[in-house]
Novice: 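Okay, here's the structure, questions in a sec.
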Amino acid sequence: MEHIFLDGWIKRSGLSKSYVASASGVSRSTIHRIQHGETDPTLGTLRELAIACGLDLDLQVRPLSDPFAAQAARMLLEQGFEPDSLAEANQWVNRLHRLGLQDPVAVIDYAGRASGLLALGAPSVYLRGDIDTLRLASAGDATGARWALSGQPHLELGAGRAVAGVKVLWAEEPRLAASLLADTLKEARSPHTATVVVAAALPAVFHASFKSGGLNYVAPIQALIDGFSLGGQLAGVAATIAKEW
């Protein structure tokens, strides 16, 4: 069965076998043997192949969404950053090195797409509706736990101009924060229709966060990662800001 899955993964990704081999650390000859049912790969090998194809493996294939991809990028590019799990972050550092990514913008772009803000599982919450940034911030503040803004509010601040896109509230208590917004927002039918993401935050998300206008914002590098993760106009704004660093 593994060869059927692997053929589909590579075809879906649109990537070459050489690229998949390089990104996964699995030789082309081993990939060939897996595709022809000549070897029985370990789950570890299959996960590396899935990640190289932009997927993840957790007894099922799902869109890639790993917060340690973002933490690896921050560890590489941000002095003094300490990940929540050094072992998990180092695995992503190794993946980035295998890809030969050295340009900071490329590292942030890849980490953003791999961290998958639009593919987070519970307890993160996806909401839809119109809400201003102050109202969103007040919900974070009312939880009594740590919170910080990212996505559209942060990138608009960095760009110095009006920007449209998804607002992100990183929160230690995402479900509580979302419940405080229930009078204004409704749960989105799918993450890709959300206008607000209330994202469950690991402690390292708040490293180097700052205040502006009385509101909490994640570190600029985290906002850029999130912008690439959200895609669309926000990814373009993130790329423009990142290239100016």
Side-chain angles (χ1 to χ4, degrees), residues 65 67 69-71 73-74 76-79 81 101-120 124-142 146-171 174 177-178 180-181 184-186 188 190-201 204-245:
S65 177
Q71 294 197 20
R74 294 187 66 174
L76 287 171
L77 301 174
E78 185 179 6
Q79 187 174 7
F81 179 83
L101 298 179
Q102 297 181 347
D103 174 39
V105 178
V107 170
I108 293 171
D109 181 4
Y110 186 86
R113 289 183 285 111
S115 61
L117 261 180
L118 294 179
L120 299 172
S124 298
V125 182
Y126 297 95
L127 303 171
R128 184 165 182 81
D130 295 326
I131 190 170
D132 63 45
T133 301
L134 287 175
R135 177 71 180 86
L136 189 61
S138 69
D141 204 40
R146 286 190 293 179
W147 62 273
L149 297 167
S150 188
Q152 180 271 334
H154 200 311
L155 292 173
E156 184 170 276
L157 186 69
R161 61 177 175 83
V163 172
V166 177
K167 292 178 169 69
V168 177
L169 175 65
W170 284 103
L180 295 169
L181 298 168
T184 306
L185 303 174
K186 296 182 178 181
S190 80
H192 293 277
T193 65
T195 57
V196 173
V197 178
V198 184
V205 166
F206 300 108
H207 176 79
S209 59
F210 65 96
K211 279 186 175 289
S212 178
L215 306 181
N216 299 336
Y217 292 89
V218 295
I221 188 172
Q222 181 67 50
L224 296 180
I225 291 169
D226 293 344
F228 280 115
S229 186
L230 292 167
Q233 182 181 354
L234 293 181
V237 174
T240 297
I241 295 173
K243 290 173 183 176
E244 294 174 351
W245 278 17

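Position 1 is the first residue of the sequence, and the numbers go up from there.
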Novice: For P220 versus W245, what's the shortest heavy-atom pair and its separation?
Specialist: CB-CZ2, 4.0 Å
Novice: Counting C-beta onward and ignoring hydrogens, is there a side-chain heavy-atom pair between K167 and Q152 closer than 4.5 Å?
Specialist: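 Yes, their side chains come closer than 4.5 Å.
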Novice: If you measure from CD on Q222 to CD1 on I108, what distance do you get to the nearest 0.5 Å?
Specialist: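 It is 10.5 Å, given to the nearest 0.5 Å.
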Novice: Using a 4.5 Å cut-off on heavy atoms from C-beta on, say whether the side chain of V198 contacts that of W147.
Specialist: no
Novice: When rounded to the nearest 0.5 angstrom, what distance separates CG in L180 from CG in L136?
Specialist: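 Reported to 0.5 Å precision, the distance equals 11.0 Å.
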Novice: When you measure from the side chain of Q233 to the backbone of V163, do you find a donor-acceptor pair of N or O atoms at a distance under 3.5 Å?
Specialist: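 No, because the side chain of Q233 does not come within donor-acceptor range (under 3.5 Å) of the backbone of V163.
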Novice: I'd like to check Y126 versus T193 (side-chain heavy atoms, cut-off strictly below 4.5 Å). Are they in contact?
Specialist: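 Of all side-chain heavy-atom pairs linking T193 with Y126, none is under 4.5 Å.
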Novice: Is the closest side-chain heavy-atom distance between L155 and L224 below 4.5 Å?
Specialist: yes
Novice: Are D130 and T195 packed together at the side-chain level, in the sense that at least one heavy-atom pair is separated by less than 4.5 angstrom?
Specialist: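 No, too far: nothing below the 4.5 Å cut-off.
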Novice: Step by step, work out the side-chain contact (heavy atoms from CB on, under 4.5 Å) result for N216 and D141.
Specialist: CA-CA 9 Å; N216 299 336; D141 204 40; 5.5 Å; no
Novice: As an exercise, state the distance from CG of L127 to CG of L181, rounded to the nearest 0.5 Å.
Specialist: 6.5 Å
Novice: Which heavy atom of A177 sits nearest a heavy atom of A171, and at what distance?
Specialist: CB-CB, 4.5 Å
Novice: Check whether S229 reaches the backbone of I225 with its side chain - one donor and one acceptor, N or O, closer than 3.5 Å.
Specialist: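 Answer holds: no.
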Novice: Side-chain contact test, heavy atoms from C-beta onward, threshold under 4.5 Å: evaluate it for L149 versus L169 and give yes or no.
Specialist: yes
Novice: How close do A235 and F228 get, heavy atom to heavy atom, and via which atoms?
Specialist: O-CE2, 3.7 Å
Novice: Under 3.5 Å, is there a donor-acceptor pair between the side chain of R74 and the main chain of H207?
Specialist: yes
Novice: Is the backbone of V218 close enough, under 3.5 Å, to the side chain of H154 for a donor and an acceptor to pair up by distance?
Specialist: yes
Novice: Can you name the nearest heavy-atom pair linking S150 to D226, along with the distance?
Specialist: OG-OD2, 2.7 Å
Novice: What are the two closest non-hydrogen atoms of A162 and E156, and how far apart are they?
Specialist: CA-OE1, 3.4 Å
Novice: What residues form a side-chain hydrogen bond (donor to acceptor under 3.5 Å, both in side chains) with R146, not counting sequence neighbours?
Specialist: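 R146 satisfies side-chain hydrogen bond (donor to acceptor under 3.5 Å, both in side chains) with E172 once adjacent residues are dropped.
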Novice: Once rounded to the nearest 0.5 Å, what's the spacing between atom CG of L120 and atom OG of S115?
Specialist: 8.0 Å
Novice: Where do A159 and I241 come nearest, in terms of heavy atoms and distance?
Specialist: N-CD1, 3.9 Å
Novice: Taking the side chain from Y110 and the backbone from A69, do they hold a donor-acceptor pair closer than 3.5 Å?
Specialist: no
Novice: Do L230 and V168 come within less than 4.5 Å of each other through their side chains, counting heavy atoms only?
Specialist: yes
Novice: Compare all side-chain heavy atoms of S209 with those of W170 and state whether any distance is below 4.5 angstrom.
Specialist: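 The answer is no; the side chains never approach within 4.5 Å.
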